[in-house]
Amino acid sequence: MSHIDTQKKKREFPNTYVIIFAIILVCALATWLVPGGEYVEVAAHQSAGAAVVSDGSSTAAVEGSVVPGSAAEVAGGGTVVAFTEVPAIGQSWQILSAFYSGFTKQAGIIVFILIIGASFWVVNKSRAVDAGIFSFLGYVTKLEKNPVLARIGVNNIVITLVMLMFSLFGAVFGMSEETIAFVVIIIPLAISMGYDSIVGVCMVYVAAHVGFAGAILNPFTIGIAQDIAGLPLFSGIEYRLFCWVVLNIIMISVVLWYANRIKKNPQKSVMYELDAHWREQVAQDGGKLQYYTNVASKVSYAIALLAVIGFTAVYSGSCSISIGASSYHTPWLLPVCALLFAGVCGYALFKSVHFYILSLLGFTILYLVVGVLGYQWYIGEISALFLALGILSGMAMGLSANNIVNELMAGAKDILSAALIVGLAAGIVYILEEGHIIDTILNAMASGLGKAGELASLGMMYTIQTVINLVIPSASAKAAITMPIMAPFSDIIGVSRQATVLAFQFGDGFTNMITPTSGVLIAVLGIARIPYNKWFKWMLPFVLLLILTGFLLLVPTVYMTLPGF
């Protein structure tokens with residue numbers, strides 16, 4: 001009997017691939033049970049609920065419900081969008097072809113994810129970000145000599161600056177898994193300042209994920225969701241920046257309150273006994289770097305500088321920055337960026353290869369912003385920009401051409417699961433579309449939620465995204481699954497698609513910090529030696545506060561006219 005017991009496998013929570021395949025099976029089954037339907041453009045000659053469909057060559061009378069806000073109120077002419085029943089097409093073997101169709105439909109986004117992952121792998125391999133953090137911490141500790149700053153509390157300044165830095169990383173390029181490596185660096189810092197491991201994890205992991213939730217330029221959330229929703233890439237950045245500031249004020253206030261409470265009485269920490277390990281290790285070095293400058297890094301700098309000068313010479317005259325509804329002709333912007341690049345990267349290279357690569361990363365983000373706002377760059381151009389970052393970083397490290405390729409492939413392999421999920425998840429929409437039931441689902445949602453009002457409907461979408469995140473913590477997967485349905489649904493109920501993306505963004509980010517299905521969270525807690533039950537108990541009130549704040553930040557998107565919304 002005991003032998004049989006030892007053979008029993010412990011039940012595991014199904015991974016994302018299994019969940020998505022199960023959803024595809026459910027959707028295929030639904031095509032046999034749910035009535036088919038479509039939204040069609042009709043001439044606005046309505047009588048007793050009937051409309052006349054016109055396809056340019058013939059007309060046919062249909063019975064259906066007119067979509068709210070589709071110009072149905074226009075009397076005597078124009079077109080409206082109406083829902084009408086059509087035969088459903090049951091899906092069977094198509095569940096297998098759905099994978100191929102999903103991959104081909106989302107090919108651009110999949111390649112984009114692979115290139116981004118490959119490039120950041122090379123940057124992380126160089127330990128350039130580590131060097132930046134060590135340098136930052138070393139500089140901040142010198143502030144203790146300033147009497148004014150000492151009165152404010154240098155420790156408070158350190159916590160605030162570190163959290164803002166990681167929050168910015170999460171908001172701009174979606175830092176998540178990378179926080180695992182920094183936990184080992186920041187927790188000893190927190191312990192040495194008289195705090196506990198929870199404060200250390202908050203400084204890195206929580207900061208990055210609050211930034212992730214309030215993302216400004218994150219390609220893995222905003223980029224994918226806006227692409228699927230048919231919105232300009234990174235549009236609505238003004239209000240997102242405001243949301244990011246609000247969320248960071250709340251986060252920093254909560255963490256500083258807790259940190260000062262622990263500082264006064266360390267035994268109040270739920271981790272006091274378990275943190276004995278960190279207190280024993282606090283005097284040890286967190287991992288020094290060997291700073292160096294080589295010939296290869298100078299070659300990398302020369303190539304990058306020539307590319308920047310060439311780009312400036314060709315495109316500076318046509319640079320017009322578009323922010324919201326305003327546009328500004330800025331022929332001076334690219335020359336200024338080029339001068340900054342030459343000076344900053346040249347000085348950084350003089351110090352170390354690490355600082356040069358860190359500067360490359362900073363200017364990659366700068367040129368990304370300039371390209372999107374000034375030249376309407378999309379994922380093709382942005383992919384090229386990050387691929388250049390990866391190649392130039394590899395060159396600066398002194399890697400051979402073959403080794404650079406190997407590192408890029410290793411990075412692409414590391415993030416391949418996220419790219420695969422996007423393609424697989426697109427198969428869900430493929431099944432619903434081929435079965436002619438996706439519009440039926442939208443119409444049912446509109447009938448059920450549309451009467452509740454715009455704000456209540458937006459709140460329900462936010463709730464749905466939050467609940468889904470407990471099961472599928474992958475942002476790219478949720479965007480691929482939910483946005484094809486949520487985006488057109490927002491049109492039906494009269495809510496901005498931008499607001500729908502924001503609801504997805506908040507719903508995706510906050511619960512990541514407590515869901516046990518998040519591999520990053522479990523890894524961070526494992527390294528920090530924090531039991532999940534203690535973490536959950538500490539974080540739950542904070543997460544609930546963030547969820548409430550997220551809903552309040554959605555309210556202005558319904559009742560106010562915001563840029564990009």
Side-chain angles (χ1 to χ4, degrees), residues 106 108-113 115-117 120 167-176 208-248 322-324 364-373 376-383 385-386 415 418-419 421-422 425 458 461-462 465-466 468-469 472-484 486-487 490 495-510 512 546 550 553-554 557 562-565:
Q106 301 291 356
I109 296 178
I110 291 172
V111 174
F112 178 60
I113 292 173
I115 291 177
I116 294 288
F120 276 112
S167 178
L168 190 63
F169 288 163
V172 173
F173 60 83
M175 173 177 274
S176 179
H209 281 76
V210 169
F212 193 95
I216 305 169
L217 298 171
N218 185 355
F220 299 109
T221 54
I222 298 175
I224 295 175
Q226 287 186 328
D227 175 76
I228 295 174
L231 296 170
L233 195 63
F234 304 133
S235 55
I237 189 174
E238 300 90 342
Y239 187 64
R240 282 189 172 82
L241 181 59
F242 170 78
C243 294
W244 180 78
V245 171
V246 171
L247 293 173
N248 275 274
S322 299
I323 302 177
T364 297
I365 296 172
L366 175 62
Y367 276 99
L368 183 153
V369 175
V370 172
V372 170
L373 298 182
Q376 291 73 52
W377 282 4
Y378 199 49
I379 56 177
E381 294 84 354
I382 296 174
S383 297
L385 186 65
F386 277 98
I415 203 160
I421 286 171
V422 171
L458 182 60
M461 286 192 283
Y462 175 41
Q465 295 285 9
T466 301
I468 290 176
N469 193 56
I472 307 176
S474 169
S476 52
K478 281 192 301 295
I481 293 171
T482 62
M483 290 312 299
M486 294 295 189
S490 65
V495 173
S496 165
R497 288 195 174 200
Q498 202 73 258
T500 304
V501 172
L502 192 63
F504 154 77
Q505 187 177 322
F506 291 158
D508 167 69
F510 298 142
N512 272 336
L546 290 176
L553 289 172
L554 288 173
T557 68
L562 302 170
F565 283 76

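Hydrogens, waters and symmetry mates are skipped; everything else that's a heavy atom, side chains included, is used. In this chain, residues are counted from 1 in sequence order. Nothing here was measured: the structure is a model prediction, and the numbers come from that model.
Legend: residues meeting side-chain contact (heavy atoms from CB on, under 4.5 Å) with Ala171, ordered by chain and number and at least two apart, are Ile216, Trp244. For the ring pair (Phe, Tyr, Trp, His ring centres under 6.0 Å) test, no residue two or more places apart in sequence or in another chain qualifies with Phe212. Remark: Phe506 engages Phe510 in a ring pair (Phe, Tyr, Trp, His ring centres under 6.0 Å) (not counting sequence neighbours). Applying the side-chain contact (heavy atoms from CB on, under 4.5 Å) test to Val246 and every residue at least two apart in sequence or in another chain returns Phe242, Ile250, Thr549, Leu553. For Leu231, the side-chain contact (heavy atoms from CB on, under 4.5 Å) partners are Gln226, Ala229, Ser235, Arg497, Gln498, Val501, not counting sequence neighbours. In this view, Ala503 and Leu458, Tyr462, Leu554 satisfy the side-chain contact (heavy atoms from CB on, under 4.5 Å) rule, not counting sequence neighbours.
Between atom CE of residue Met461 and atom CG of residue Leu502 there is a gap of 11.0 Å, rounded to the nearest 0.5 Å. Distance check: Ile115 CD1 to Ile110 CD1 gives 12.5 Å after rounding to the nearest 0.5 Å. Separation of atoms CD (Glu238) and CG (Leu562) is listed at 9.0 Å; rounding is to 0.5 Å.
The distance between the ring centers of Phe386 and Phe120 falls below 6.0 angstrom.
A 4.5 Å side-chain heavy-atom check between Leu233 and Trp377 finds every atom pair outside the cut-off. Considering only heavy atoms from C-beta on, Arg240 stays 4.5 Å or farther from Leu217 through its side chain. For the pair Met483/Phe504, a side-chain contact is recorded, criterion being any heavy-atom separation below 4.5 Å from C-beta on.
Of all heavy-atom pairs spanning Ala479 and Ile224, the tightest one is CB-CG2, 3.8 Å. Closest approach of Asn248 and Ser167 over heavy atoms only: OD1-OG, 2.8 Å. Between Leu247 and Gly214 the shortest heavy-atom distance is CD1-CA, 3.9 Å. Across all their heavy atoms, Leu385 and Tyr367 have their closest contact at CD2-C, 4.1 Å. Of all non-hydrogen atoms in Gly509 and Ala213, the two that sit nearest each other are CA-CB, 3.6 Å.
Gln505 contributes a side-chain N or O that, together with a main-chain N or O of Ala215, makes up a donor-acceptor pair within less than 3.5 Å.
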